[in-house]
Amino acid sequence: MQDTITKPLLKWYGENKRVLPWREKKNPYEIWVSEIMLQQTRVEAVKPFYERFMRELPNVAALAVCPEEKLLKLWEGLGYYNRVRNMQKAAQKIMEVYDGVFPADYEALKGLPGIGNYTAGAVASIAFCIPVPAVDGNVLRVMARLREDGEDILKQSVKNRVEAELTEIMPAEDPGAFNQAMMDLGAMVCLPNGAPKCEVCPLFDQCLAGQHQTWTEYPFKKSAKPRRIEDRTVLLFLDGAHTAVRKRPKKGLLAGLYEFPNFDGVLSEQEALEEAEKFGVTPLHIQALPPYKHIFSHVEWHITGYAIKIAGNDVEQEGEEKAGLIFADAKTAAERYAIPSAFAEYAKYTDLERA
DNA sequence: AAATCGGGGAC
DNA sequence: GTCCCAGATTT
């Protein structure tokens with residue numbers, strides 16, 4: 001039973017595997033960084049972030065002591081920002097508890113912040129040749145189709161069962177290749193949307209969904225709860241040289257990142273001007289900006305934007321803080337502060353008055 | 001078990 | 001619009 005899957009799979013992998021930056025080397029740090037970035041994130045999206053991150057922070061020691069602002073800039077636009085904060089906590093733990101050496105142990109890896117079953121399996125198998133499975137969305141899809149298993153793949157019980165099944169058939173020689181082969185198969189052949197390429201699949205002969213052409217039914221996922229919609233109003237303060245940003249709270253959505261001042265609900269021009277005055281600036285003119293819809297996983301922001309020209313003498317110096325706002329040159333702000341996409345959308349209007 | 005946490009590409 | 005991506009953590 002084992003060979004009917006592993007043999008053709010590994011043969012296919014040897015001939016078709018993708019060339020990826022993190023596959024060139026096998027040191028645990030490089031594997032780990034790639035796996036964290038790849039959580040819920042497509043390979044093509046990760047590539048440029050990975051190259052830059054490895055250049056700036058080439059080892060555990062460098063990551064452990066990196067200032068948070070720099071860390072967030074390196075992650076800016078990648079999303080799920082707790083990933084990088086957890087990664088730094090893990091780096092610090094490795095320095096302190098493991099004397100700077102990555103633990104070559106599955107359970108020890110799972111004990112590091114941000115490393116769950118999947119990532120522990122991936123790092124253990126790829127970097128340390130430990131025969132443990134790495135079950136991600138690709139693997140769950142491949143397995144559901146192979147078995148025509150209609151259970152909800154989001155259920156923990158299903159993940160546990162798939163892990164157990166794979167543990168039985170894992171080859172001891174190169175478990176990393178086996179795990180990556182399953183994932184490459186899911187990403188390149190057993191496609192999530194549209195028709196899978198069953199005609200080139202090395203596992204077609206043992207795939208029930210392939211044989212019965214029932215692949216549209218697998219994997220099954222309980223439909224997600226609809227996102228709630230929130231109205232927000234963003235204010236872009238402009239005095240000809242500066243714009244205003246502020247740091248978001250330490251917890252919750254986009255924690256610790258920077259934003260343009262914004263408010264719950266849809267503010268009228270009058271209300272926006274009143275809010276502006278509370279910051280101690282003198283609004284001279286207000287202009288509506290194009291509305292923008294930003295979609296997160298579980299919430300959707302419908303954003304109303306205003307550009308508000310303020311008196312030039314409101315801001316006396318670069319980087320000045322005033323009522324919780326940081327006034328800075330737009331270009332400087334972009335270089336210094338991590339601004340997530342929802343707000344970066346409005347950064348393109350910072351030179352509005354010069355137009 | 002359900003909710004939270006980003007962003008973007010493919011259809 | 002929908003789906004889903006080399007998921008983990010908190011509630």
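In the text below, chain A, chain B and the rest are named by the order of the sequence lines, each starting its count at 1. Predicted, not measured: the structure shown is a model, and the values here were computed from it. These values consider heavy atoms only, across backbone and side chains, with no hydrogens, waters or symmetry-generated copies.
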Is the closest side-chain donor-acceptor distance between A/Glu69 and A/Tyr258 under 3.5 Å?
-> yes
Could you check how far CH2 of A/Trp75 sits from P of C/dA8, rounded to whole Å?
-> 13 Å
From the candidates C/dC3, C/dC5, B/dC5, the one with an atom nearest any side-chain atom of A/Gln40 is C/dC5
When all nucleic acid strands are considered with a 4.0 Å heavy-atom cut-off, which category describes A/Leu20: base, sugar-phosphate, or nothing?
-> base
Look at the side-chain N and O atoms of A/Arg141 and state whether any lies under 4.0 Å from the OP1 or OP2 oxygen of C/dC4.
-> no
With no hydrogens and no angle check, do the side chains of A/Tyr118 and A/Glu35 hold a donor and an acceptor under 3.5 Å apart?
-> yes
A/Trp22 side chain, from C-beta outward: closest of C/dG7, C/dA6, C/dG1 | C/dA6
Tell me which of A/Lys155 and A/Leu78 sits closer to the 5' end of DNA chain B, going by the nucleotide each one is nearest to.
-> A/Lys155
Does A/Arg42 get its side chain close enough to the base of B/dA10, under 3.5 Å, for a donor-acceptor pair?
-> no
Check every strand shown and say whether A/Gly252 touches a base, only sugar-phosphate, or nothing at a heavy-atom separation below 4.0 Å.
-> sugar-phosphate
Scan A/Gly137 against the nucleic acid and name what it touches under 4.0 Å (heavy atoms): base, sugar-phosphate only, or nothing.
-> sugar-phosphate
Do the two ring centres, one from A/His298 and one from A/Phe296, sit under 6.0 Å apart?
-> no
N or O in side chain of A/Gln39 less than 4.0 angstrom from C/dG7 OP1/OP2 = no
Would one find a side-chain N or O of A/His294 under 4.0 angstrom from OP1 or OP2 of B/dG7?
-> yes
With nearest nucleotides of DNA chain C determined for A/Tyr118 and A/Glu300 from heavy-atom distances, which residue corresponds to the more 5′ nucleotide?
-> A/Glu300
Nearest of C/dG1, C/dC5, C/dA6 to any side-chain atom of A/Lys221?
-> C/dC5
Has the side chain of A/Thr119 got a donor or acceptor atom sitting under 3.5 Å from an opposite partner on the base of C/dG7?
-> no
Which is true for A/Arg23 with a 4.0 Å heavy-atom rule: it touches a base, it touches only sugar-phosphate, or it touches nothing?
-> base
Test side chain to side chain contact (heavy atoms under 4.5 Å, CB included) applied to A/Phe53 and A/Met37, step by step = CA-CA 10 Å; A/Phe53 194 97; A/Met37 286 190 172; 3.5 Å; yes
For A/Lys110, which contact category applies under a 4.0 Å heavy-atom criterion: base, sugar-phosphate, or nothing?
-> nothing
Rounded to the nearest Å, what distance is computed from the CD atom of residue A/Glu44 to the C1' atom of nucleotide B/dA10?
-> 13 Å
hbond_proxy A/Thr41 side chain to B/dG6 base (donor-acceptor, 3.5 Å cutoff) | yes
Using only side-chain N and O atoms of A/Lys251, determine if any of them is under 4.0 Å from OP1 or OP2 of C/dT11.
-> no
Base, sugar-phosphate, or nothing: which does A/Tyr80 touch, judged by heavy atoms less than 4.0 Å apart?
-> base
For atom CG of A/Asn86 and atom C1' of C/dT10, their distance in whole Å | 11 Å
Touch check for A/Arg227, heavy atoms < 4.0 angstrom, all strands: base, sugar-phosphate only, or nothing?
-> nothing
Going by distance alone, is a donor N or O of one side chain under 3.5 Å from an acceptor N or O of the other, for A/Gln156 and A/Asn160?
-> yes
5' priority, DNA chain B, between A/Gln156 and A/Ser297 [closest heavy atom] = A/Gln156
What nucleotide, of B/dG7, C/dC5, B/dC5, holds the atom closest to the side chain of A/His298?
-> B/dC5
Under 4.0 angstrom, heavy atoms only, what part of the nucleic acid is A/Val139 near: base, sugar-phosphate, or nothing?
-> nothing
Just how far, in rounded Å, is C1' of B/dC5 from CD1 of A/Ile295?
-> 16 Å
Shortest side-chain distance from A/Arg228, nucleotide among B/dG6, C/dA6, B/dT4 = B/dT4
Say you pick atom C1' in B/dG6 and the same atom in C/dC5; how far apart are they, in whole Å?
-> 12 Å
Considering only side-chain heavy atoms of A/Pro340, which listed nucleotide, B/dG6, B/dG7, C/dA6, is closest?
-> B/dG7
Cut-off 3.5 Å, side chains only: do A/His294 and A/Glu345 have a donor facing an acceptor?
-> no
To the nearest angstrom, how far is A/Leu154 atom CG from C/dC5 atom C1'?
-> 13 Å
In whole Å, what is the span from the CD atom of A/Glu76 to the C1' atom of B/dG7?
-> 13 Å
Counting heavy atoms not belonging to A/Glu15, are there more than 12 under 6.0 Å from its CD?
-> yes
Indicate, with a heavy-atom threshold strictly under 4.0 Å, whether A/Ser341 touches base, sugar-phosphate, or nothing.
-> sugar-phosphate
Between C/dA6 and B/dA3 - C1' atom distance, rounded Å = 23 Å
Would you please classify the geometry between the A/Phe237 ring and the A/Phe279 ring as parallel, tilted or perpendicular, with 30° and 60° separating the classes?
-> perpendicular
Would you classify A/Asn117 as touching base, sugar-phosphate or nothing, given that sugar-phosphate means primed atoms plus P, OP1 and OP2, and contacts are heavy atoms under 4.0 Å?
-> sugar-phosphate
Whole-Å distance between C/dT9 P and A/Ile115 CD1?
-> 8 Å
Among C/dT9, C/dA6, B/dG7, find the nucleotide with the atom closest to the side chain of A/Asn138.
-> C/dA6
N/O (side chain, A/Lys225) to phosphate O (OP1/OP2, B/dA2) under 4.0 Å | no
Write down the distance between CG (A/Leu38) and C1' (C/dG7), rounded to a whole number of angstrom.
-> 11 Å
